2 protein chains.
Amino acid sequence: MRNRGPANVLVEPELQEALTLVREGLAKRKTLFLVGVCRVDYKGRAESKLGPGERVLLVKEDGAVLVHRPTGYEPVNWQPEGCLFQTRMMDDRLVIRAIRSKPREVLTLTFNQVNLAAQLHLVDRSEFILYASERDMRQAVLLNPELIEPGFKPITYEKKVEPGFVDVYGVDRDGRFVVVEIKRKTAGCGAVLQLAKYVGSIKSVVNREVRGVLAAPSMAKGVQRLLVTLGLDFKPLDPRKCAEILHKAETKKLLEFFEGRT
Amino acid sequence: MRNRGPANVLVEPELQEALTLVREGLAKRKTLFLVGVCRVDYKGRAESKLGPGERVLLVKEDGAVLVHRPTGYEPVNWQPEGCLFQTRMMDDRLVIRAIRSKPREVLTLTFNQVNLAAQLHLVDRSEFILYASERDMRQAVLLNPELIEPGFKPITYEKKVEPGFVDVYGVDRDGRFVVVEIKRKTAGCGAVLQLAKYVGSIKSVVNREVRGVLAAPSMAKGVQRLLVTLGLDFKPLDPRKCAEILHKAETKKLLEFFEGRT
DNA sequence: GAGTGGATTTCGCAT
DNA sequence: ATGCGAAGTCCACTC
């Protein structure tokens with residue numbers, strides 16, 4: 001039943017056996033999975049206590065720790081990547097301690113019983129692609145300014161002005177200042193008012209014409225009227241297209257990197 | 001090797017076997033654990049793609065889903081509690097789909113290979129106690145206003161005033177308005193200035209005396225002088241004691257609930 | 001149901 | 001290092 005195949009798995013092991021597996025896994029930087037009855041104590045930025053119960057412990061290859069109860073999206077206790085470990089038997093219990101130094105935080109699990117223990121080496125090199133975060137859309141606009149309009153030249157982004165942060169700030173083909181407000185999804189009145197505030201704020205400083213462009217996949221109903229009233233422009237911007245642009249740029253960068261290496 | 005003991009565990013199963021275990025686990029509302037090579041696709045508020053690689057899938061008893069890569073605190077993809085599942089074989093691959101209705105989000109895992117599959121029923125009834133979040137401390141003050149001072153009567157909390165939000169707002173034994181600013185840890189100058197701003201803001205509105213009380217476990221050095229200068233008060237407030245108060249209140253509520261039922 | 005603020009938020013980037 | 005804003009944030013709670 002034990003130590004079979006590439007996955008090192010123990011079912012209903014003695015605590016001492018589990019300890020051996022845990023130590024080996026930590027030493028080899030493998031992914032650890034432990035299910036059993038444990039107490040959990042955390043002390044650091046805050047302090048928490050959790051009495052005995054059956055939980056799932058996941059220790060990742062980078063030292064991240066997750067303790068999950070049988071319900072809920074969030075871990076009940078955790079430790080971010082890069083922490084150090086102590087393991088030992090104490091009073092017939094298996095104690096696993098994960099220590100983070102900055103800030104100082106200690107997470108202690110005390111197992112009375114282990115039902116399942118596994119030590120796994122996971123190979124995972126694929127790239128994760130998320131379409132359509134606002135940040136990505138801004139990046140795409142900076143890479144391909146013509147997404148806004150022909151001749152648009154970005155100057156800065158996340159520019160701080162009085163009411164907040166301008167997504168992208170630049171000049172158009174005629175040299176007029178342009179404030180671009182990007183929204184990941186259908187732009188509502190809030191986005192327009194925000195843009196108008198930025199335009200007004202910059203206008204009052206530079207004392208010449210400033211255009212405002214709202215870039216979003218679509219507008220909520222009534223927003224167009226508001227835009228027209230305030231003299232602002234709208235430019236449809238597809239999050240997925242933005243993601244493609246970024247993906248291509250990333251691929252190009254990788255290619256250049258490897259060209260530079262060969 | 002299979003279906004042994006209380007934990008139903010499969011090591012290096014055929015996909016069809018894994019499917020059976022997954023379906024049984026979902027039907028019986030058990031905790032599911034799957035390790036294997038899979039693709040992950042998400043579509044909902046955003047959209048993401050992740051090519052093949054070895055990952056850990058955790059499905060909890062309330063339908064929460066977590067997909068973890070071998071590194072990092074956060075799941076690469078997930079689904080909050082309460083989602084529905086579809087499972088099937090397609091082109092010799094095991095497909096697990098977790099669907100959330102509001103907002104509409106679909107998470108699809110396509111396994112080429114399963115290295116480890118487990119179906120577990122976890123019993124976990126212990127109460128999780130977190131000492132000292134600011135929110136908990138505020139709650140403790142509302143439950144036991146004498147933590148601030150004898151005769152203190154809270155009126156509202158999280159009261160919006162010009163510069164931000166007042167933690168607790170009330171009247172003292174003499175009917176004077178009191179603004180309470182709670183800090184979870186040693187209060188610095190920032191807390192005092194924040195409190196002073198709130199006091200000033202409210203004073204300008206009500207046009208009579210307003211006291212300010214800083215409630216925190218301790219003060220940073222120099223803070224006392226600042227408090228005295230600004231005419232504000234300090235009240236030591238122990239986060240752990242607050243946690244105890246909340247714990248007792250919760251217990252009392254439970255008792256009342258069960259009394260009401262019998 | 002929408003909106004607001006906290007979180008042991010984490011994460012990433014800019015200063 | 002520090003600070004700030006975004007996040008498929010989640011989560012609890014008010015309106």
Side-chain angles (χ1 to χ4, degrees), chain A residues 40-50 60 62 64-67 71-83 98-108 128-139 142 156-160 164-167 182-185 188 190 194 239 243, chain B residues 40-50 62 64-67 71-83 98-100 102-107 128-139 142 156-160 164-167 182-185 190 239 243 246:
Chain A
V40 188
D41 298 278
Y42 156 76
K43 207 166 173 176
R45 283 170 293 182
E47 190 174 340
S48 74
K49 287 189 186 304
L50 180 60
K60 296 211 194 176
D62 58 0
V65 181
L66 303 163
V67 183
T71 60
Y73 157 80
E74 291 184 328
V76 62
N77 282 106
W78 70 90
Q79 204 68 288
E81 60 174 309
C83 59
I99 301 157
R100 186 191 190 187
S101 21
K102 200 163 50 74
R104 176 77 179 183
E105 293 185 295
V106 182
L107 180 62
T108 308
F128 178 71
I129 304 174
L130 177 68
Y131 298 99
S133 83
E134 190 176 307
R135 193 185 141 67
D136 286 356
M137 291 175 70
R138 188 191 66 204
Q139 195 63 22
L142 293 171
T156 60
Y157 60 97
E158 289 248 338
K159 179 183 173 65
K160 192 176 179 64
F165 290 83
V166 165
D167 286 332
I182 296 171
K183 287 295 164 196
R184 189 176 47 76
K185 42 186 178 177
Q194 200 179 349
Chain B
V40 188
D41 296 279
Y42 156 78
K43 207 166 174 176
R45 283 171 290 182
E47 191 174 340
S48 75
K49 288 188 184 304
L50 180 60
D62 59 359
V65 180
L66 303 163
V67 183
T71 59
Y73 157 81
E74 290 185 331
V76 62
N77 281 107
W78 70 92
Q79 204 68 286
E81 62 174 81
C83 59
I99 302 157
R100 186 192 190 187
K102 200 165 51 80
R104 176 77 180 182
E105 293 185 296
V106 181
L107 180 62
F128 178 70
I129 304 174
L130 176 68
Y131 298 98
S133 84
E134 196 175 288
R135 184 172 193 292
D136 286 357
M137 292 175 72
R138 188 192 66 206
Q139 195 64 22
L142 293 172
T156 61
Y157 61 95
E158 289 249 339
K159 180 183 171 65
K160 191 174 180 66
F165 290 84
V166 166
D167 286 333
I182 296 171
K183 288 294 165 197
R184 192 175 47 76
K185 43 186 182 179
L246 289 178

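Chain naming here is simple, since letters A, B, ... match the order of the sequence lines and numbering starts at 1 in each. None of the values given here were measured: they were computed from a predicted structure.
One distance of note links OG of B:Ser48 with CD1 of A:Ile129; it measures 9.0 Å at 0.5 Å rounding. In this structure, the separation between CG on A:Leu50 and CG on B:Leu130 is 11.5 Å, given to the nearest 0.5 Å.
Nucleotide C:dA7 holds its C1' atom 12 Å from the CZ atom of B:Phe128, rounded to whole Å. Atom C1' of nucleotide C:dT10 and atom CG of A:Leu66 are separated by 12 Å, given to the nearest angstrom. Straight-line distance from the NZ atom of A:Lys49 to the C1' atom of C:dT8: 15 Å, rounded to whole Å. Taking atom CG of B:Leu142 as the reference point, atom P of D:dT14 lies 11 Å away to the nearest angstrom. Remark: C1' of D:dT14 and CZ of B:Arg138 are 11 Å apart, rounded to the nearest angstrom. Atom CE of B:Met137 and atom C1' of C:dG6 are 14 Å apart (whole Å).
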Next item on the list: For B:Asn77 and A:Phe128, run side chain to side chain contact (heavy atoms under 4.5 Å, CB included): C-alpha distance rounded to whole Å, both residues' side-chain angles, the deciding distance at 0.1 Å, then the answer.
Entry: CA-CA 10 Å; B:Asn77 281 107; A:Phe128 178 71; 3.3 Å; yes
Next item on the list: For A:Asp167 and A:Glu134, run side chain to side chain contact (heavy atoms under 4.5 Å, CB included): C-alpha distance rounded to whole Å, both residues' side-chain angles, the deciding distance at 0.1 Å, then the answer.
Entry: CA-CA 9 Å; A:Asp167 286 332; A:Glu134 190 176 307; 3.8 Å; yes
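Of the possible donor and acceptor atoms, one in the side chain of A:Lys60 sits under 3.5 Å from a partner among the backbone N and O of B:Gly72. Between the A:Glu47 side chain and the B:Pro239 main chain, no donor and acceptor come within less than 3.5 Å of each other.
Residue A:Lys102 places at least one side-chain N or O under 4.0 Å from the OP1 or OP2 atom of D:dA1.
Atom C1' of C:dC11 sits at a distance of 14 Å from the matching atom of C:dA7, rounded to the whole Å. Atom P of D:dC4 sits at a distance of 22 Å from the matching atom of D:dG8, rounded to the whole Å.
The salt bridge (charged side-chain N to carboxylate O under 4.0 Å, His left out) test applied to B:Glu74 returns no partner, not counting sequence neighbours.
Within residues 73-80 of chain B, the residues approached by DNA chain D to less than 4.0 Å at the level of any non-hydrogen atom are B:Asn77, B:Trp78, B:Gln79, B:Pro80, in residue-number order.
B:Glu134 comes within 4.0 angstrom of sugar-phosphate atoms only, judged by non-hydrogen atoms across all strands, and of no base.
Across the interface with DNA chain C, nearest-nucleotide mapping of A:Glu81 and A:Tyr42 shows A:Tyr42 to be the residue nearer the 5′ end.
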